[in-house]
J.: 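Let me begin by handing over the structure; questions about it come next.
Here is how names work: the chains are called A, B, and so on, in the same order as the sequence lines, proteins then strands, and each is numbered from 1. For the numbers below, each heavy atom of this structure counts, side chains included, while hydrogens, waters and symmetry mates do not.
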Amino acid sequence: DAKTTQPPSMDCAEGRAANLPCNHSTISGNEYVYWYRQIHSQGPQYIIHGLKNNETNEMASLIITEDRKSSTLILPHATLRDTAVYYCIVRTLNSAGSKLTFGKGITLSVRP
Amino acid sequence: DTGVSQNPRHKITKRGQNVTFRCDPISEHNRLYWYRQTLGQGPEFLTYFQNEAQLEKSRLLSDRFSAERPKGSFSTLEIQRTEQGDSAMYLCASSLEDRGGNTIYFGEGSWLTVV
(Lines give C-alpha, C1' and ligand atoms only; values in the text may rest on other atoms or scores of the structure.)
Protein backbone atom coordinates (compact mmCIF):
# COMPACT_ATOMS: atom_id res chain seq x y z
CA ASP A 1 0.00 0.00 0.00
CA ALA A 2 1.07 3.54 -0.69
CA LYS A 3 2.45 5.27 2.38
CA THR A 4 1.64 8.78 1.26
CA THR A 5 -1.44 11.00 1.18
CA GLN A 6 -1.97 13.62 -1.48
CA PRO A 7 -4.97 15.81 -2.34
CA PRO A 8 -6.65 14.55 -5.49
CA SER A 9 -6.18 17.73 -7.48
CA MET A 10 -5.09 21.32 -7.53
CA ASP A 11 -4.59 24.07 -10.04
CA CYS A 12 -2.39 27.07 -10.44
CA ALA A 13 -1.89 29.91 -12.88
CA GLU A 14 0.77 29.74 -15.53
CA GLY A 15 3.95 31.47 -14.42
CA ARG A 16 3.17 31.12 -10.74
CA ALA A 17 4.72 28.67 -8.33
CA ALA A 18 2.94 25.36 -7.87
CA ASN A 19 3.25 23.91 -4.36
CA LEU A 20 2.23 20.27 -4.21
CA PRO A 21 1.83 18.84 -0.69
CA CYS A 22 2.39 15.29 0.48
CA ASN A 23 1.91 13.65 3.85
CA HIS A 24 4.00 10.65 4.85
CA SER A 25 3.53 10.50 8.60
CA THR A 26 4.72 6.89 8.94
CA ILE A 27 7.97 7.37 7.05
CA SER A 28 10.95 5.46 8.43
CA GLY A 29 14.44 6.75 8.89
CA ASN A 30 15.78 4.83 5.90
CA GLU A 31 13.03 5.86 3.49
CA TYR A 32 13.51 8.45 0.80
CA VAL A 33 10.81 10.72 -0.60
CA TYR A 34 10.56 10.53 -4.39
CA TRP A 35 8.45 12.57 -6.78
CA TYR A 36 7.46 11.47 -10.25
CA ARG A 37 5.02 12.93 -12.69
CA GLN A 38 3.07 11.43 -15.52
CA ILE A 39 1.82 13.37 -18.47
CA HIS A 40 -1.14 11.80 -20.19
CA SER A 41 -0.32 8.53 -21.97
CA GLN A 42 3.39 8.72 -21.18
CA GLY A 43 5.60 6.84 -18.74
CA PRO A 44 6.31 8.33 -15.31
CA GLN A 45 9.07 10.92 -15.30
CA TYR A 46 11.46 11.26 -12.39
CA ILE A 47 11.50 14.73 -10.84
CA ILE A 48 13.46 14.73 -7.60
CA HIS A 49 14.12 12.81 -4.39
CA GLY A 50 15.43 13.49 -0.91
CA LEU A 51 16.07 11.96 2.49
CA LYS A 52 16.30 14.73 5.06
CA ASN A 53 17.60 17.88 3.46
CA ASN A 54 15.83 20.10 1.00
CA GLU A 55 16.78 19.41 -2.58
CA THR A 56 16.72 21.46 -5.76
CA ASN A 57 17.35 20.61 -9.38
CA GLU A 58 16.53 22.12 -12.74
CA MET A 59 12.93 20.90 -12.57
CA ALA A 60 11.81 21.54 -9.01
CA SER A 61 12.56 21.95 -5.33
CA LEU A 62 11.70 19.47 -2.60
CA ILE A 63 11.08 20.78 0.89
CA ILE A 64 10.97 18.12 3.62
CA THR A 65 9.81 19.09 7.10
CA GLU A 66 12.19 18.58 9.99
CA ASP A 67 10.16 15.68 11.36
CA ARG A 68 10.02 14.23 7.81
CA LYS A 69 6.30 13.60 8.09
CA SER A 70 5.44 15.78 5.12
CA SER A 71 7.00 17.39 2.10
CA THR A 72 6.21 19.88 -0.63
CA LEU A 73 7.23 19.79 -4.25
CA ILE A 74 7.66 23.25 -5.68
CA LEU A 75 7.55 24.01 -9.39
CA PRO A 76 8.82 27.60 -9.33
CA HIS A 77 7.27 28.84 -12.57
CA ALA A 78 4.55 26.50 -13.74
CA THR A 79 3.87 26.19 -17.46
CA LEU A 80 1.01 24.56 -19.32
CA ARG A 81 3.32 21.60 -20.00
CA ASP A 82 3.51 20.93 -16.26
CA THR A 83 -0.11 19.78 -16.29
CA ALA A 84 0.19 16.17 -15.16
CA VAL A 85 -0.40 13.68 -12.35
CA TYR A 86 2.28 14.04 -9.69
CA TYR A 87 3.14 11.09 -7.47
CA CYS A 88 4.79 11.37 -4.08
CA ILE A 89 6.37 8.05 -3.07
CA VAL A 90 8.38 6.85 -0.11
CA ARG A 91 10.92 4.21 -0.87
CA THR A 92 13.41 2.12 1.04
CA LEU A 93 16.59 0.98 -0.59
CA ASN A 94 17.05 -2.47 0.81
CA SER A 95 16.65 -5.45 -1.49
CA ALA A 96 13.12 -6.23 -0.37
CA GLY A 97 11.75 -2.74 -0.62
CA SER A 98 13.45 -1.20 -3.59
CA LYS A 99 10.40 -0.88 -5.81
CA LEU A 100 8.25 2.21 -6.14
CA THR A 101 4.68 1.92 -4.87
CA PHE A 102 2.43 4.45 -6.55
CA GLY A 103 -0.75 5.89 -5.09
CA LYS A 104 -3.31 7.89 -7.04
CA GLY A 105 -1.20 11.03 -7.11
CA ILE A 106 -2.34 14.61 -7.40
CA THR A 107 -3.57 16.02 -10.68
CA LEU A 108 -2.08 19.43 -11.29
CA SER A 109 -3.84 21.63 -13.81
CA VAL A 110 -1.99 24.72 -14.94
CA ARG A 111 -4.35 27.32 -16.32
CA PRO A 112 -3.39 30.06 -18.81
CA ASP B 1 13.75 10.02 -23.73
CA THR B 2 15.02 8.25 -20.62
CA GLY B 3 16.90 5.55 -22.51
CA VAL B 4 14.48 2.77 -21.53
CA SER B 5 13.03 1.39 -24.74
CA GLN B 6 9.81 -0.61 -25.01
CA ASN B 7 8.39 -2.46 -27.99
CA PRO B 8 5.83 -2.59 -29.39
CA ARG B 9 4.32 0.66 -28.23
CA HIS B 10 0.82 -0.46 -29.11
CA LYS B 11 -0.66 -3.91 -29.51
CA ILE B 12 -4.21 -4.93 -30.30
CA THR B 13 -4.91 -8.61 -29.91
CA LYS B 14 -7.87 -10.92 -29.82
CA ARG B 15 -8.88 -12.54 -26.57
CA GLY B 16 -7.08 -15.81 -26.09
CA GLN B 17 -3.99 -14.88 -28.09
CA ASN B 18 -0.52 -14.60 -26.59
CA VAL B 19 1.41 -11.35 -26.60
CA THR B 20 5.00 -10.50 -25.75
CA PHE B 21 6.49 -7.14 -24.85
CA ARG B 22 10.18 -6.34 -24.88
CA CYS B 23 12.10 -3.89 -22.73
CA ASP B 24 15.64 -2.67 -23.29
CA PRO B 25 16.85 -0.93 -20.13
CA ILE B 26 19.49 1.74 -19.83
CA SER B 27 22.80 -0.01 -20.40
CA GLU B 28 24.67 -0.96 -17.21
CA HIS B 29 21.45 -0.80 -15.17
CA ASN B 30 21.27 -4.00 -13.16
CA ARG B 31 17.65 -3.71 -12.01
CA LEU B 32 14.65 -3.97 -14.27
CA TYR B 33 11.02 -3.54 -13.25
CA TRP B 34 7.66 -4.23 -14.86
CA TYR B 35 4.52 -2.31 -13.93
CA ARG B 36 0.96 -2.29 -15.21
CA GLN B 37 -1.28 0.74 -15.38
CA THR B 38 -5.00 0.94 -16.11
CA LEU B 39 -6.92 4.12 -16.85
CA GLY B 40 -7.25 6.43 -13.88
CA GLN B 41 -4.93 4.41 -11.65
CA GLY B 42 -1.29 4.74 -10.72
CA PRO B 43 1.20 2.16 -11.98
CA GLU B 44 1.05 -1.19 -10.17
CA PHE B 45 4.17 -3.23 -9.55
CA LEU B 46 4.37 -6.62 -11.27
CA THR B 47 7.91 -7.90 -10.89
CA TYR B 48 11.56 -6.96 -10.86
CA PHE B 49 14.94 -8.45 -11.75
CA GLN B 50 18.39 -7.97 -10.34
CA ASN B 51 20.57 -8.90 -13.31
CA GLU B 52 18.99 -12.14 -14.57
CA ALA B 53 17.41 -13.15 -11.26
CA GLN B 54 13.72 -12.46 -10.75
CA LEU B 55 13.64 -11.32 -7.12
CA GLU B 56 10.02 -10.42 -6.51
CA LYS B 57 6.67 -11.07 -8.13
CA SER B 58 3.40 -9.37 -7.28
CA ARG B 59 0.26 -11.40 -6.72
CA LEU B 60 -1.02 -9.46 -9.75
CA LEU B 61 1.29 -11.58 -11.86
CA SER B 62 -1.00 -14.52 -12.53
CA ASP B 63 0.25 -17.77 -13.99
CA ARG B 64 -0.64 -16.47 -17.47
CA PHE B 65 2.11 -13.88 -17.09
CA SER B 66 5.78 -14.69 -17.37
CA ALA B 67 8.76 -12.39 -17.39
CA GLU B 68 12.33 -13.20 -18.27
CA ARG B 69 15.66 -11.46 -18.38
CA PRO B 70 17.87 -14.23 -19.72
CA LYS B 71 21.20 -12.44 -20.00
CA GLY B 72 20.65 -9.69 -17.52
CA SER B 73 20.08 -7.15 -20.27
CA PHE B 74 16.76 -6.92 -22.10
CA SER B 75 13.58 -8.40 -20.66
CA THR B 76 10.38 -9.84 -22.07
CA LEU B 77 6.91 -9.95 -20.55
CA GLU B 78 4.62 -12.55 -22.05
CA ILE B 79 0.89 -12.79 -21.46
CA GLN B 80 -0.70 -16.06 -22.47
CA ARG B 81 -4.37 -16.53 -23.29
CA THR B 82 -5.08 -12.83 -23.02
CA GLU B 83 -8.30 -11.62 -21.41
CA GLN B 84 -10.05 -8.29 -21.78
CA GLY B 85 -8.99 -7.42 -18.24
CA ASP B 86 -5.38 -7.50 -19.39
CA SER B 87 -5.95 -4.33 -21.40
CA ALA B 88 -3.58 -1.81 -19.86
CA MET B 89 -0.32 -0.01 -20.34
CA TYR B 90 2.69 -2.12 -19.42
CA LEU B 91 5.61 -0.09 -18.16
CA CYS B 92 9.23 -1.09 -17.90
CA ALA B 93 11.75 0.70 -15.74
CA SER B 94 15.41 0.28 -14.85
CA SER B 95 17.89 1.46 -12.25
CA LEU B 96 21.46 1.03 -11.12
CA GLU B 97 21.03 -0.26 -7.63
CA ASP B 98 23.30 1.08 -4.96
CA ARG B 99 22.93 2.55 -1.51
CA GLY B 100 22.82 6.16 -2.56
CA GLY B 101 19.19 6.90 -3.30
CA ASN B 102 19.34 5.90 -6.92
CA THR B 103 16.74 6.70 -9.51
CA ILE B 104 14.34 4.46 -11.39
CA TYR B 105 13.75 5.49 -14.99
CA PHE B 106 10.64 4.48 -16.90
CA GLY B 107 10.04 3.78 -20.53
CA GLU B 108 7.09 5.15 -22.49
CA GLY B 109 5.06 2.01 -22.00
CA SER B 110 3.40 -0.57 -24.21
CA TRP B 111 -0.33 -0.25 -24.63
CA LEU B 112 -2.28 -3.50 -24.85
CA THR B 113 -5.86 -3.66 -26.05
CA VAL B 114 -7.57 -7.04 -25.91
CA VAL B 115 -10.69 -7.25 -28.08
J.: With no hydrogens and no angle check, is any side-chain donor or acceptor of Y36(A) less than 3.5 Å from a backbone partner on Y105(B)?
T.: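 It does not hold such a pair.
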
J.: So which part of Q38(A) gets closer than 4.5 Å to some heavy atom of chain B, the side chain, the backbone, both or neither?
T.: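 For Q38(A), the contact with chain B is made by the side chain alone.
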
J.: Within a radius of less than 6.0 Å around CZ of R9(B), do more than 12 heavy atoms belonging to other residues, nucleotides or ligands occur?
T.: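 Yes.
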
J.: Treating Ile, Leu, Val, Met, Phe, Trp and Tyr as nodes and any side-chain heavy-atom pair under 4.5 angstrom as an edge, say whether L20(A) and I64(A) lie in one connected cluster.
T.: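 Yes; tracing contacts between hydrophobic side chains, which count when under 4.5 Å, links both residues.
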
J.: In terms of hydrophobic clusters joined by side-chain contacts under 4.5 Å, are L80(A) and L108(A) together?
T.: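 Yes.
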
J.: So, taking the atom named CD1 in I89(A) and the one named CD1 in I104(B), what distance separates them when rounded to the nearest 0.5 Å?
T.: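 One finds 8.5 Å between CD1 of I89(A) and CD1 of I104(B).
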
J.: Considering only heavy atoms, give the residues of residues 61-71 of chain B separated from chain A by less than 4.5 Å, sorted numerically, with 'none' for an empty result.
T.: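 Within residues 61-71 of chain B, no residue comes under 4.5 Å from chain A.
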
J.: Among the clusters formed by ILVMFWY side chains lying less than 4.5 Å apart, do I48(A) and I106(A) turn up in the same one?
T.: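 Yes; tracing contacts between hydrophobic side chains, which count when under 4.5 Å, links both residues.
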
J.: Any idea which of S41(A), G50(A), G105(A) has the most non-hydrogen atom pairs under 4.5 angstrom with chain B?
T.: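 Top count of heavy-atom pairs under 4.5 Å with chain B: S41(A).
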
J.: Same cluster for I26(B) and L96(B) if Ile/Leu/Val/Met/Phe/Trp/Tyr side chains link at under 4.5 Å?
T.: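 No, it is not one cluster - the side chains of I26(B) and L96(B) are not joined through contacts under 4.5 Å.
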
J.: Hey, which residues of residues 32-42 of chain B are touching chain A, say heavy atoms under 4.5 Å apart?
T.: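 Y33(B), Y35(B), Q37(B), Q41(B), G42(B) fall under the 4.5 Å cut-off.
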
J.: Does CD1 belonging to I12(B) count more than 12 external heavy atoms closer than 6.0 Å?
T.: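 Not buried by this count: 12 neighbours or fewer within 6.0 Å.
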
J.: Membership question, hydrophobic clusters at under 4.5 Å side-chain separation (ILVMFWY): are L51(A) and L73(A) in the same one?
T.: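 L73(A) does not cluster with L51(A).
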
J.: Residues of residues 76-92 of chain B under 4.5 Å from chain A (heavy atom pairs)?
T.: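 The stretch touches chain A at M89(B), L91(B).
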
J.: Within 45 degrees of the ring normal and closer than 6.0 Å to the centroid, is that where the cationic atom of K99(A) sits relative to Y48(B)?
T.: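 Cation-pi check for K99(A) and Y48(B): fails.
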
J.: Can you tell which part of T107(A) gets under 4.5 Å to a heavy atom of chain B, answering side chain, backbone, both or neither?
T.: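 Contact with chain B: none, neither part.
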
J.: Using non-hydrogen atoms and a limit below 4.5 Å, what part of residues 108-115 of chain B faces chain A?
T.: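 Against chain A, the residues of residues 108-115 of chain B that fall inside the cut-off (heavy atoms, under 4.5 Å) are E108(B), W111(B).
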
